[in-house]
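For ligands, and for the atoms within them, numbers begin at 1 and follow the listed sequence.
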Amino acid sequence: MAEIAVIGAGYVGLTTGACLSQLGHDVTVADIDLPRIEALQRGKIPFVEPELSEIVNTGIKSKKLKFVVGAKNACESAEFHFVCLPTPANNDGSTNLSFFKSGIEEISEVLQPNSILITKSTVPVGTAASLKAQLQRNDISVVSNPEFLAEGNAVNDFLYPSRIVIGAETAEEAQRVAGLYSKINAPVITTGWESAELIKHTANAFLAMKLTFINEIATLCERTDADIQDVAMGIGYDPRIGASYLNPGPGWGGSCFPKDSSSLAFIAREAGFNFTLLEHTIDLNRKHVERTAMKVLEMLPQEIHNQKIAAWGLTFKAGTDDLRSSPAIDVLHHLVAEENRICAYDPTVTQQIAQIPEVHVETDPYICAENADVLVILTEWEEFNEVDMARISEIMKSPNLVDTRNLFNREQMEKLGFTYLGMGV
Ligand code: UGA
């Protein structure tokens, strides 16, 4: 079993470290955030992620998983160093590599000869090559091993992946990294650095494009009396298309799709190629969010001002407490601009949120919906199915329902007295 350092205890770093310890490796996860590390040492994880708490605590008990402050302390004796530092977007869409590069600078002197630096964070194509140059150490290898972890399913995605991508300079380096995953049953795709880096961006941009496509078809369904759920099923059985990522929504978001799509478009522009399809995908998603907000506004009786809008769901999808680039919040921004009173409920958000302070956050779905002129469902939380919708229909001022996730059945909702608008249904 290998000695591994993981630099960065965010979503990617923590999941990577905990799962590698689960596979039997000796893992030390480092971060600069002292309170975060102290909480992790006590087995407390800083965000909502199913199963992660259990495997972190198993790792701590078996002494296979440790948490330290400062990357140097983790890397000094390790053979493999997973770099899981944030790579946020700059305003022009390019990737800000400053955290990433300063992390590498910090550890470069303490790395053991013959150890391997592995980039796990999503980085632009060309990063591994420039890292190798930055390191100025011929005795250290650099390998790209992108993550494909979806929040809310990250542990499962790590331990049962669809594939493992390893980009390396030599077959021997690739094999050493592949060895870390020997207990995992998945195809290993070995490539050069650049292809591995591009695979990650391409996967996210492709999925974003697929979602924009289905959101556009949902709009067409609304104008032609077709049903998007039937259309999605009818195309999803075609293995060339595939059934996943065909659920329409308020628009795609999160900490990865928007950032990675913009980064890939920027990379293309820099390479002298105008990636029109991707640029339009990004633009159409913005328009789709606006269209979703318009649906809600159109449900409000026109003559009354200062109406109450109730919104269920604030996170960018169900199963997480992550509000980063949440389409739910983007939709609410449009609604706030129209001077309505907005009340929101989300199972993982219990306090006012800085991203949109005008929205009053309630911790109870019934209080949130009371006296509302319209209720909009923005995230596909299963918890919403547990709510007594008959009661909701009674306590709302006007039982108008905009279901941007098609969580409820139109006929059932209409029976309860709602005026119902879904997405493409
Ligand atoms: C995404 C990818 O799915 C992961 O493979 C990748 O590793 C990760 O980014 C990353 O780069 O780190 P994540 O951001 O957690 O994972 O989100 P997804 O579950 O893919 O959802 C992205 C957006 O698409 C959300 O807003 C979601 O609501 C929306 N979506 C997804 C739909 O509207 N409909 C669908 O059918 C699926």
- Item | Asp403 vs Phe384 side-chain heavy atoms within contact, under 4.5 Å | no

- Which residue and heavy atom of the protein sit nearest atom 9 (O) of ligand 1, plus the separation: Cys256 CB, 3.2 Å

- Message: Give the atom numbers and elements of ligand 1 that come within less than 4.0 Å of a heavy atom of Arg405.
- Response: 28 (O), 33 (O)

- Could you tell me whether Phe257 approaches ligand 1 through its side chain, its backbone, both or neither, with non-hydrogen atoms closer than 4.0 Å? side chain

- Task: Answer yes if the side chains of Thr363 and Thr350 hold a donor-acceptor pair under 3.5 Å, and no otherwise.
- Result: no

- Is the shortest distance from a Lys or Arg side-chain nitrogen in Lys295 or Glu290 to a carboxylate oxygen in the other one below 4.0 Å? no

- Which atoms of ligand 1 sit under 4.0 Å from any heavy atom of Leu246? 36 (O)

- Task: State whether Arg291 and Glu222 are salt-bridged, where the test is any N-O pair (Lys NZ or Arg NE/NH1/NH2 against Asp/Glu carboxylate O) under 4.0 Å.
- Result: no

- Message: Under 4.0 Å from a heavy atom of Lys200: which atoms of ligand 1 are those, numbered in the order shown and with their elements?
- Response: 7 (O), 10 (C), 11 (O), 12 (O)

- Query: For atom CZ of Phe206, is the number of surrounding heavy atoms from other residues, nucleotides or ligands below 6.0 Å larger than 12?
  - Reply: no

- Salt bridge flag under 4.0 Å for residues Glu147 and Lys200: yes

- Task: Using non-hydrogen atoms of the residue, decide whether Gly254 is closer than 4.0 angstrom to ligand 1.
- Result: no

- Between Leu211 and ligand 1, which part of the residue brings a heavy atom under 4.0 Å of the ligand: side chain, backbone, both or neither? side chain

- Task: Could you find the nearest protein heavy atom to atom 23 (C) of ligand 1 and give me its residue, atom name and distance?
- Result: Gly253 O, 3.6 Å

- Query: Which residue owns the protein heavy atom closest to atom 12 (O) of ligand 1, what's the atom, and how far is it?
  - Reply: Glu147 OE2, 2.6 Å

- Task: Report the nearest protein non-hydrogen atom to atom 3 (O) of ligand 1: residue, atom name, distance rounded to 0.1 Å.
- Result: Tyr245 OH, 3.2 Å

- Taking both backbone and side-chain atoms of Glu380, is any N or O found less than 3.5 Å from an N or O belonging to ligand 1? no

- Task: Considering the heavy atoms of Asn204, write down every atom of ligand 1 situated less than 4.0 Å from one of them.
- Result: 2 (C), 6 (C), 9 (O), 10 (C), 11 (O)

- Is there at least one pair of N or O atoms, one from Pro327 and one from ligand 1, spaced under 3.5 Å apart? no

- Query: Looking only at protein heavy atoms, which one is nearest to atom 36 (O) of ligand 1, and how far off is it?
  - Reply: Asn247 N, 3.1 Å

- Check Asn96, Thr122, Thr95 against Ser263 for a side-chain hydrogen bond (donor to acceptor under 3.5 Å, both in side chains) and give me the one that passes. Thr95

- Numbered atoms of ligand 1 (with element) below 4.0 Å of Glu151, judged on heavy atoms: 15 (O)

- For Phe148, the atoms of ligand 1 under 4.0 Å from one of its heavy atoms are 5 (O), 7 (O)

- Query: Looking only at distance, does Ser255 have an N or O less than 3.5 Å from an N or O of ligand 1?
  - Reply: no

- Message: Are Phe82 and Phe80 an aromatic pair, judged by ring center distance below 6.0 Å?
- Response: no

- Go through ligand 1 atom by atom and flag the ones less than 4.0 Å from a non-hydrogen atom of Lys317. 13 (P), 15 (O), 17 (O), 18 (P), 19 (O), 28 (O)

- Item | Salt-bridge criterion met for Arg176 and Glu79 (N-O under 4.0 Å) | yes

- Heavy-atom side-chain contact between Arg163 and Val188 under 4.5 Å: no

- Query: Hey, are the side chains of Glu105 and Gln134 touching, using non-hydrogen atoms and a 4.5 Å cut-off?
  - Reply: yes

- For atom 16 (O) of ligand 1, which protein heavy atom lies nearest, and how many Å away is it? Ala150 CA, 3.6 Å

- Relative to ligand 1, is Leu149 under 4.0 angstrom through side chain, backbone, both or neither, heavy atoms considered? backbone

- Query: Would Lys308 and Asn340 count as having a side-chain donor-acceptor pair, cut-off 3.5 Å?
  - Reply: no

- Query: Passes side-chain contact (heavy atoms from CB on, under 4.5 Å), Tyr420 versus Asn409? Steps please.
  - Reply: CA-CA 9 Å; Tyr420 180 91; Asn409 174 278; over 6 Å; no

- Heteroatom proximity flag, Phe316 to ligand 1, N/O under 3.5 Å: yes

- Task: Below 4.0 angstrom from a heavy atom of Asp260, which ligand 1 atoms are there? Numbered from 1 as shown, please.
- Result: 11 (O)

